[in-house]
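Worksheet: one structure, shown below.
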Amino acid sequence: MKKGFSAMLAIVMTLTLMLSGCGEGNQTKTKKSANTQPKIVLKAGELSPDDNINTEVMQYFCDEVKKLSDGEMEVELYSGGQLGDERTEIQAVQMGALDAFRANTLTMGDFGVKEMNVFGLPYLFQGREHLWKALKSETGREILKGLEKNKTSMIGLGFVDEGSRNFFAKKEIKSPEDLKGMKMRVAETSILMDTVKCFGASPTPISMSELYTSLQTGVVDGADQPLAGYISNSFFEVNNNLVLDGHTYSPGIIIFSEYKWNRLNKEEQGILKKAASNAEDYNKKIIEKDDQDQIEQLKEKKVNVVEITDFTPWQDAVKPVYEKYGKGYMHLVEEIQEMK
């Protein structure tokens with residue numbers, strides 16, 4: 001117990017020092033006068049680089065907060081994993097050392113919000129329209145409230161769609177059998193690791209900062225990423241075989257510190273919710289075009305892009321994942337499936 005507390009304390013102290021340093025840099029850079037300083041300055045974290053759609057949507061959220069509050073509130077965004085990996089930043093949000101972060105719904109399942117595992121069930125969504133119909137539905141909003149219901153010390157503000165995740169590797173992948181025996185890097189979430197196991201591959205958690213080198217040197221044979229992540233991290237340079245299997249859309253989620261939330265008034269809370277809703281609408285508008293542009297871009301770079309026409313063998317292979325993670329939440333799965 002003492003070790004756990006010490007680790008969390010270390011996270012808070014580290015984030016506090018980093019944010020203090022970042023904050024000073026921003027004040028020097030902008031040189032705002034005392035009269036133009038916002039009353040509330042919030043800090044938000046993002047793992048993706050600046051040219052990634054996740055960062056673009058998060059920056060839109062930050063801009064909307066400033067716009068809707070007439071400059072009274074400001075959210076400073078620290079992208080590219082400046083503040084640590086996903087789990088570090090989530091824990092910082094829980095402790096109140098960081099105000100906001102764009103996490104993955106898959107990871108939220110490991111933080112006590114088991115109903116969010118539903119979003120990560122492989123091949124659940126039949127395309128983007130189906131995804132957003134579910135996210136914007138009463139069912140989707142109820143799942144979003146799961147962070148509060150499960151007393152995670154976090155508030156869910158909205159969803160982020162970075163596209164479906166696809167496998168890529170040094171060798172061509174056309175069927176589930178092609179993954180057998182491969183070492184595949186996936187995010188350190190139970191549902192993704194179990195999904196990969198269903199294909200006979202070995203899930204190998206590696207941090208994003210180390211993934212390029214690991215792919216280059218053969219520490220892993222491949223990985224999975226949305227198109228945006230595959231391109232922005234230049235993984236196509238070392239693994240140029242991509243299969244558009246879209247095994248999961250696993251949307252992101254804008255989380256907010258409950259500690260800070262409770263220190264804001266109703267109007268300020270409303271501004272954050274409205275900004276997140278506007279960011280969702282913006283996200284949905286631009287993501288489809290981004291996907292098509294990215295596929296064309298990859299083909300121009302001579303990436304071998306494989307499209308799947310029959311998903312039956314892929315869906316059959318992952319049935320154990322539904323049995324394990326859908327247990328107790330099959331009513332949500334059925335509600336989402338009926339929306340397509």
Problem set entry | Lys67 side chain reached by Glu64 side chain, heavy atoms, under 4.5 Å | yes
Exercise. With no hydrogens and no angle check, is any side-chain donor or acceptor of Ser153 less than 3.5 Å from a backbone partner on Lys151?
Worked result: no
For this session: Would you sort out whether Phe199 and Val318 count as a side-chain contact (heavy atoms from CB on, under 4.5 Å), showing the intermediate values?
Result: CA-CA 8 Å; Phe199 298 127; Val318 299; 3.6 Å; yes
For this session: List in chain and number order the residues that pass side-chain hydrogen bond (donor to acceptor under 3.5 Å, both in side chains) with Ser137, two or more places apart in sequence or in another chain; answer none if no residue qualifies.
Result: none
Exercise. Sub-3.5 Å donor-acceptor pair from the side chain of Asn262 to the main-chain atoms of Tyr259, do we have one?
Worked result: no
Exercise. Do any pairs count as a salt bridge (charged side-chain N to carboxylate O under 4.0 Å, His left out) and have a residue in residues 315-337, sequence neighbours left out, and if so which ones?
Worked result: Asp194-Lys324, Asp316-Lys319
Exercise. Does the distance from a Lys or Arg side-chain N to an Asp or Glu carboxylate O, for Arg165 and Asp224, drop under 4.0 Å?
Worked result: yes
Exercise. Do Lys145 and Glu115 meet the salt-bridge criterion of a basic N to acidic O distance under 4.0 Å?
Worked result: no
Exercise. Taking only residues two or more places apart in sequence or in another chain, which ones pass salt bridge (Lys or Arg N to Asp or Glu O under 4.0 Å) with Glu72?
Worked result: Lys39
Problem set entry | Set of ring pair (Phe, Tyr, Trp, His ring centres under 6.0 Å) partners for Tyr322, sequence neighbours left out | none
Exercise. Would you say Phe111 and Gln94 make side-chain contact, with heavy atoms under 4.5 Å?
Worked result: yes
Exercise. Is there a donor-acceptor contact under 3.5 Å linking the side chains of Thr189 and Asp110?
Worked result: no
Problem set entry | Heavy-atom check, side chain of Thr248 versus side chain of Thr195, under 4.5 Å | no
Exercise. Going by atom types alone, do His247 and Asn166 pair a side-chain donor with an acceptor below 3.5 Å?
Worked result: no
Problem set entry | Backbone N/O of Ser190 and side chain of Tyr325: donor-acceptor pair under 3.5 Å | yes
For this session: Quick one: list whatever passes side-chain contact (heavy atoms from CB on, under 4.5 Å) with Asp291, sequence neighbours left out.
Result: Arg128, Leu227, Ile287, Gln294
Problem set entry | Co-membership, hydrophobic cluster, residues Leu135 and Ile336, 4.5 Å side-chain | yes
For this session: Not counting sequence neighbours, which residues clear ring pair (Phe, Tyr, Trp, His ring centres under 6.0 Å) with Phe235? List them please.
Result: Phe168
Exercise. Does one side chain, of Tyr123 or Asp245, offer a donor that lies under 3.5 Å from an acceptor on the other?
Worked result: yes
Exercise. Does Asp99 pair with Lys260 as a salt bridge, N-O distance under 4.0 Å?
Worked result: yes
Exercise. Within the side chain of Ser79, is there an N or O that forms a donor-acceptor pair under 3.5 Å with the backbone of Asp50?
Worked result: no
For this session: Let me see the working for Tyr212 and Asn233 under side-chain contact (heavy atoms from CB on, under 4.5 Å), right down to the final yes or no.
Result: CA-CA 8 Å; Tyr212 185 98; Asn233 291 285; over 6 Å; no
For this session: Give a yes or no on whether Leu192 and Val196 share a hydrophobic cluster (residues Ile, Leu, Val, Met, Phe, Trp, Tyr; joining criterion: side-chain heavy atoms under 4.5 Å apart).
Result: yes
Exercise. Between Gly45 and Phe101, what is the shortest heavy-atom contact and its length?
Worked result: O-CD1, 3.2 Å
Seminar exercise, completed: Tested for side chain to side chain contact (heavy atoms under 4.5 Å, CB included) against Val160, the lone hit among Ile53, Asn54, Ile253 is Asn54
Exercise. Taking only residues two or more places apart in sequence or in another chain, which ones pass ring pair (Phe, Tyr, Trp, His ring centres under 6.0 Å) with Phe125?
Worked result: His130
Exercise. Taking everything shown except Tyr329 itself, do over 12 heavy atoms lie less than 6.0 Å from its OH?
Worked result: yes
Exercise. Tell me, do Glu76 and Tyr78 make a side-chain contact under 4.5 Å, heavy atoms counted?
Worked result: yes
Problem set entry | Closest non-hydrogen atom pair, Cys198 against Ala317 | CB-O, 3.3 Å
Problem set entry | Residues which pass side-chain contact (heavy atoms from CB on, under 4.5 Å) with Asn265, listed by chain and number, not counting sequence neighbours | Glu267, Glu268
Exercise. Side chains of Asn304 and Asn241: donor-acceptor distance under 3.5 Å anywhere?
Worked result: yes
For this session: With sequence neighbours excluded, tell me which residues meet salt bridge (Lys or Arg N to Asp or Glu O under 4.0 Å) with Arg263.
Result: none
Problem set entry | Asp51: partners by salt bridge (Lys or Arg N to Asp or Glu O under 4.0 Å), with sequence neighbours left out | none
Exercise. Does one side chain, of Glu162 or Asn52, offer a donor that lies under 3.5 Å from an acceptor on the other?
Worked result: no
Exercise. Yes or no on side-chain contact (heavy atoms from CB on, under 4.5 Å) for Ile308 and Val243, after CA distance, side-chain angles and deciding distance?
Worked result: CA-CA 7 Å; Ile308 303 297; Val243 57; 3.5 Å; yes
For this session: Considering non-hydrogen atoms only, spot the tightest contact between Phe256 and Ala100 and give its length.
Result: CD1-CB, 3.9 Å
For this session: Mind checking side-chain hydrogen bond (donor to acceptor under 3.5 Å, both in side chains) for Lys136 and listing every partner two or more places apart, or none if nothing turns up?
Result: Glu280, Asp281
Problem set entry | Test item: side-chain donor near acceptor, Asp310 and Thr312, under 3.5 Å | yes
Exercise. So do Leu298 and Tyr230 actually touch side chain to side chain, heavy atoms under 4.5 Å?
Worked result: yes
Problem set entry | Sidechain-backbone polar pair: Arg87 side chain, Glu188 backbone, donor-acceptor under 3.5 Å | yes
Exercise. Under 3.5 Å, is there a donor-acceptor pair between the side chain of Thr105 and the main chain of Pro251?
Worked result: yes
Seminar exercise, completed: Heavy-atom nearest pair, Gly84 first then Leu47, reads O-CD2, 3.4 Å
Problem set entry | same_hphob_cluster(Val118, Ile255) at 4.5 Å side-chain heavy-atom cutoff | yes
Exercise. With no hydrogens and no angle check, do the side chains of Asp293 and Gln297 hold a donor and an acceptor under 3.5 Å apart?
Worked result: no
For this session: State whether the side chain of Ser250 and the backbone N or O of Gly120 hold a donor-acceptor pair below 3.5 Å, judged by distance alone.
Result: no
Exercise. Excluding sequence neighbours, so at least two apart, what forms ring pair (Phe, Tyr, Trp, His ring centres under 6.0 Å) with Trp132?
Worked result: none
Problem set entry | Thr139 side chain near Met339 side chain, heavy-atom distance below 4.5 Å | yes
Exercise. Can you list the steps and then say if Phe159 with Phe119 is a ring pair (Phe, Tyr, Trp, His ring centres under 6.0 Å)?
Worked result: CA-CA 11 Å; Phe159 294 109; Phe119 288 137; 5.4 Å; yes
Exercise. Are Val57 and Val65 connected in a single hydrophobic cluster, I mean Ile/Leu/Val/Met/Phe/Trp/Tyr linked by side-chain heavy atoms less than 4.5 Å apart?
Worked result: yes
Exercise. Are Leu147 and Met58 connected in the hydrophobic side-chain network, where two residues link if heavy atoms are under 4.5 Å apart?
Worked result: no
Exercise. With the threshold set at 4.0 Å, does a side-chain nitrogen-carboxylate oxygen contact exist between Glu172 and Lys174?
Worked result: yes
Exercise. Is it true that a side-chain atom of Glu46 and a backbone atom of Gly81 form a donor plus acceptor pair closer than 3.5 Å?
Worked result: no
For this session: Mark yes or no for whether Asn104, through its side chain, and Gly252, through its backbone, hold a donor-acceptor pair below 3.5 Å.
Result: no
Problem set entry | Short side-chain to backbone donor-acceptor contact, Thr213 and Glu210, under 3.5 Å | no
